[in-house]
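The structure appears below as structure tokens.
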Amino acid sequence: MTEEHQGGSRGWTAARKGFWSGLRFTSLRLRLVLVFGLVALTAAVSASGIAYWLNREAVLTRTQDAVLRDFEQEMQNRAGALSEHPTQDELQHTAGQMANSSQRFGVLLVAEDADGDTVYGSSGGLGGFALADVPESLRTAVNKEQKVNSANKHPYHLYWQRVTEGDTPYLVAGTRVIGGGPTGYMLKSLEPEAKDLNSLAWSLGIATTLALLGSALLAQALATTVLKPVHRLGVAARRLGEGRLDTRLRVSGTDELADLSRTFNSAAENLEKRVADMAGREQASRRFVADMSHELRTPLTALTAVTEVLEEELEFEGEGGSFDPMVEPAVRLVVSETRRLNDLVENLMEVTRFDAGTARLVLDDVDVADQITACIDARAWLDAVDLDAERGIHARLDPRRLDVILANLIGNALKHGGSPVRVSVARADDEIVIRVRDHGPGIPEDVLPHVFDRFYKASASRPRSEGSGLGLSIALENAHIHGGGITAENSPEGGAVFVLRLPQDPSPAADDEAGDAGDGGSGGAPDDGDRGKDAKGRA
């Protein structure tokens with residue numbers, strides 16, 4: 001299949017999906033079309049039913065009146081001219097004459113001859129219209145003599161009834177000759193009128209269908225007109241949610257949808273201003289932290305040099321050092337706090353790089369087991385850490401940032417979890433999985449979600465601790481920049497477990513660390529805040 005055909009097929013598939021998604025049962029468009037369709041169907045069916053009923057009554061009444069009028073006239077003129085006791089031949093002849101009238105109906109005449117016998121005369125002969133074809137109720141009404149008074153001048157009247165034989169409708173009527181004479185019955189087929197009415201019904205049905213289709217098309221057009229601004233509003237809202245705060249709607253008209261568009265534009269404008277203001281404040285805050293950290297480095301360098309000298313004096317104090325025993329604790333406090341302040345500044349600078357997006361990877365082919373061994377050996381943790389790592393597991397990682405992650409996780413476990421600390425390495429699919437488990441009391445469940453938060457203190461009663469609360473956060477950021485992550489949980493056998501997952505071949509953020517030139521820092525000193533030495537203080 002060529003690319004043109006594939007493109008056409010994809011376009012047709014997309015258009016079809018768009019059509020069906022526009023007509024899904026929960027869509028407003030479909031509901032509008034259905035409502036319009038139901039209203040149009042109800043109106044069309046009602047109008048067609050009324051029109052059919054009115055036309056049916058008009059057609060049948062007109063035909064019926066003409067036939068009954070003609071039959072009544074024939075009864076008066078021809079049947080009334082017969083003798084009181086006619087013969088069968090006379091009845092047969094007269095019935096034939098009456099049937100040849102303009103309305104062409106069947107005639108049955110019933111009378112008594114001179115001998116008192118009932119004789120019949122039918123226009124259709126012996127196999128034609130018979131008395132059995134006349135309903136019993138109609139015969140009873142025709143032969144019933146009524147009292148003559150001022151309101152009723154004749155003892156007998158003309159009666160009619162509509163009947164159906166098979167699928168053919170008929171009009172049956174009967175009356176007696178006033179003053180004595182035969183009784184006459186008439187049978188008229190209404191099949192032509194029924195066909196006309198069926199044709200009318202079909203026409204009305206077709207008109208109803210066309211009206212329904214027209215209403216559906218009209219509803220679709222109206223729904224498109226009404227829902228197009230709503231669709232534009234939805235697209236604009238999605239863009240706004242994606243962070244495109246300059247999204248605005250084109251406002252036209254003065255209806256409710258136009259008011260809604262104006263309200264959206266106003267809300268988007270206010271949101272853009274607020275976000276810009278917040279971004280400016282956040283950027284100023286980050287710049288302040290970065291500037292403060294850089295400014296602190298100069299005096300800290302001098303302080304660090306002084307504390308190193310003081311540290312050397314403390315080490316040789318036993319060999320005749322000059323420190324007064326009353327001053328020695330203060331000197332040790334200055335040395336430890338200066339080192340802690342230096343680590344805090346380094347961590348703040350590293351966090352600032354992550355927030356500013358200037359932290360970059362310097363990737364190299366690393367043997368994970370060798371890297372962990374080097375990290376443990378450099379910090380003299382060999383006796384306190386059990387390493388279960390097979391040599392030969394290689395990955396493209398940033399060695400310095402991996403060292404920062406491992407130093408924070410292992411140092412955190414040793415300091416607050418308790419030795420022995422077990423570090424294991426495994427390969428899972430395209431990932432390197434490093435687990436660091438301690439044998440401490442574990443991490444409280446309410447603390448687990450916050451162990452990677454910056455400056456988080458597990459115990460409010462001990463806000464001051466050896467760490468700054470940034471170590472685990474920096475470790476997590478270093479894992480993220482590799483495309484991996486770190487999770488913390490409690491082991492069923494006791495103790496906490498930190499799981500580091502890193503891809504074997506991450507996409508490098510850059511070839512070097514832009515913004516880190518001349519830094520020479522450790523990329524974040526090992527530090528975990530204040531996990532404490534018991535379960536309550538562990539974080």
Practice item. From the options Asp398, Leu402, Ile405, select the one residue that forms a side-chain contact (heavy atoms from CB on, under 4.5 Å) with Asn478. Key: Ile405
Review point. Around atom CG of Asn198, are there more than 12 heavy atoms of other residues, nucleotides or ligands at under 6.0 Å?
Key: yes
Practice item. Carefully, step by step, assess Leu240 and Leu245 under the rule side-chain contact (heavy atoms from CB on, under 4.5 Å). Key: CA-CA 5 Å; Leu240 196 65; Leu245 302 180; 3.9 Å; yes
Review point. Out of curiosity, Leu502 CG to Arg396 CZ, how far, rounded to the nearest 0.5 Å?
Key: 14.0 Å
Check your understanding: Who passes salt bridge (charged side-chain N to carboxylate O under 4.0 Å, His left out) against Arg437, sequence neighbours left out?
Key -> none
**Study point:** Close side-chain approach of Leu397 to His482, heavy-atom, < 4.5 Å
**Key:** yes
Review point. In chain order, what residues pass the salt bridge (charged side-chain N to carboxylate O under 4.0 Å, His left out) check against Arg248, with sequence neighbours excluded?
Key: Glu272
Study note, to complete from the structure: Hits for salt bridge (charged side-chain N to carboxylate O under 4.0 Å, His left out) against Asp277, two or more places apart or cross-chain, chain-then-number order -> Arg281
Study note, to complete from the structure: d(Leu406 CG, Phe498 CZ) to nearest 0.5 Å is 13.5 Å
Review point. Who pairs with Thr209 by side chain to side chain donor-acceptor pair (under 3.5 Å), at least two apart in sequence or on another chain?
Key: none
Practice item. Kindly compute the distance separating CZ (Arg501) from CD1 (Ile432), expressed to the nearest 0.5 Å. Key: 11.0 Å
Practice item. Just jot down the side-chain contact (heavy atoms from CB on, under 4.5 Å) partners of Thr487, sequence neighbours excluded, or say none. Key: Val499
Point to revise | Greater than 12 external heavy atoms within 6.0 Å of Asp430's CG | key: no
Review point. Which heavy atom in Ile486 sits nearest to a heavy atom in Ala479, and how many Å separate them?
Key: CG1-CB, 3.8 Å
Practice item. Check Glu390 against Ile393 and note the closest heavy-atom contact, atom names and distance. Key: O-CG1, 3.5 Å
**Study point:** Partner residues of Ala276 under the side-chain contact (heavy atoms from CB on, under 4.5 Å) criterion, sequence neighbours left out
**Key:** none
Revision key, fill the gap. Glu269 meets the salt bridge (charged side-chain N to carboxylate O under 4.0 Å, His left out) criterion, sequence neighbours left out, with Lys273
Point to revise | Asp388 CG to Arg422 CZ distance, which is reported to the nearest 0.5 Å | key: 4.5 Å
Practice item. Mind checking side chain to side chain donor-acceptor pair (under 3.5 Å) for His480 and listing every partner two or more places apart, or none if nothing turns up? Key: none
Practice item. Take Glu477 and Ile474 through the test side-chain contact (heavy atoms from CB on, under 4.5 Å) and record every step on the way to the result. Key: CA-CA 5 Å; Glu477 292 290 349; Ile474 291 175; 5.6 Å; no
Check your understanding: Where is the tightest heavy-atom contact between Trp381 and Ala407, given as atom of each residue plus distance?
Key -> CH2-O, 3.6 Å
Revision key, fill the gap. Contacts of Arg239 meeting side chain to side chain donor-acceptor pair (under 3.5 Å) (sequence neighbours excluded), chain-then-number -> none
Point to revise | Heavy-atom pair of closest approach, residues Val425 and Ala389 | key: CG2-CB, 3.6 Å
Practice item. Might you work through the side-chain contact (heavy atoms from CB on, under 4.5 Å) test for Asn490 and Glu445, ending with a clear yes or no? Key: CA-CA 9 Å; Asn490 287 317; Glu445 293 298 326; 3.5 Å; yes
Revision key, fill the gap. Applying side chain to side chain donor-acceptor pair (under 3.5 Å) to Asp259 and not counting sequence neighbours gives Arg262
Study note, to complete from the structure: Rounded to the nearest 0.5 Å, the CG atom of Leu363 sits from the CZ atom of Arg401 at a distance of 10.5 Å
Between side-chain atoms of residues 365-377 and protein atoms elsewhere (two or more places apart, or another chain), which donor-acceptor pairs fall under 3.5 Å?
{"residue": "Asp365", "atom": "OD2", "partner": "His394", "partner atom": "ND1", "Å": "3.2"}
{"residue": "Asp367", "atom": "OD1", "partner": "Ala369", "partner atom": "N", "Å": "3.1"}
{"residue": "Asp367", "atom": "OD1", "partner": "Asp370", "partner atom": "N", "Å": "3.3"}
{"residue": "Asp367", "atom": "OD2", "partner": "Gly392", "partner atom": "N", "Å": "3.1"}
{"residue": "Asp370", "atom": "OD1", "partner": "Arg391", "partner atom": "NH1", "Å": "2.1"}
{"residue": "Asp370", "atom": "OD1", "partner": "Arg391", "partner atom": "NH2", "Å": "3.4"}
{"residue": "Asp370", "atom": "OD2", "partner": "Arg391", "partner atom": "NH1", "Å": "3.4"}
{"residue": "Asp370", "atom": "OD2", "partner": "Arg391", "partner atom": "NH2", "Å": "3.2"}
{"residue": "Gln371", "atom": "NE2", "partner": "Pro399", "partner atom": "O", "Å": "3.2"}
{"residue": "Thr373", "atom": "OG1", "partner": "Ala369", "partner atom": "O", "Å": "2.8"}

Check your understanding: If every non-hydrogen atom of Val436 is compared with every non-hydrogen atom of Ala413, which pair is closest and at what distance?
Key -> CG1-CB, 4.1 Å
Check your understanding: Who pairs with Leu249 by side-chain contact (heavy atoms from CB on, under 4.5 Å), at least two apart in sequence or on another chain?
Key -> Arg232, Leu233, Ala236, Ser261, Phe264, Asn265
Practice item. Measure the CG-CG distance between Leu409 and Leu414 for me, rounded to the nearest 0.5 Å. Key: 11.0 Å
Point to revise | Atom of Phe452, atom of Leu472 and distance for their closest heavy-atom approach | key: CD2-O, 3.5 Å
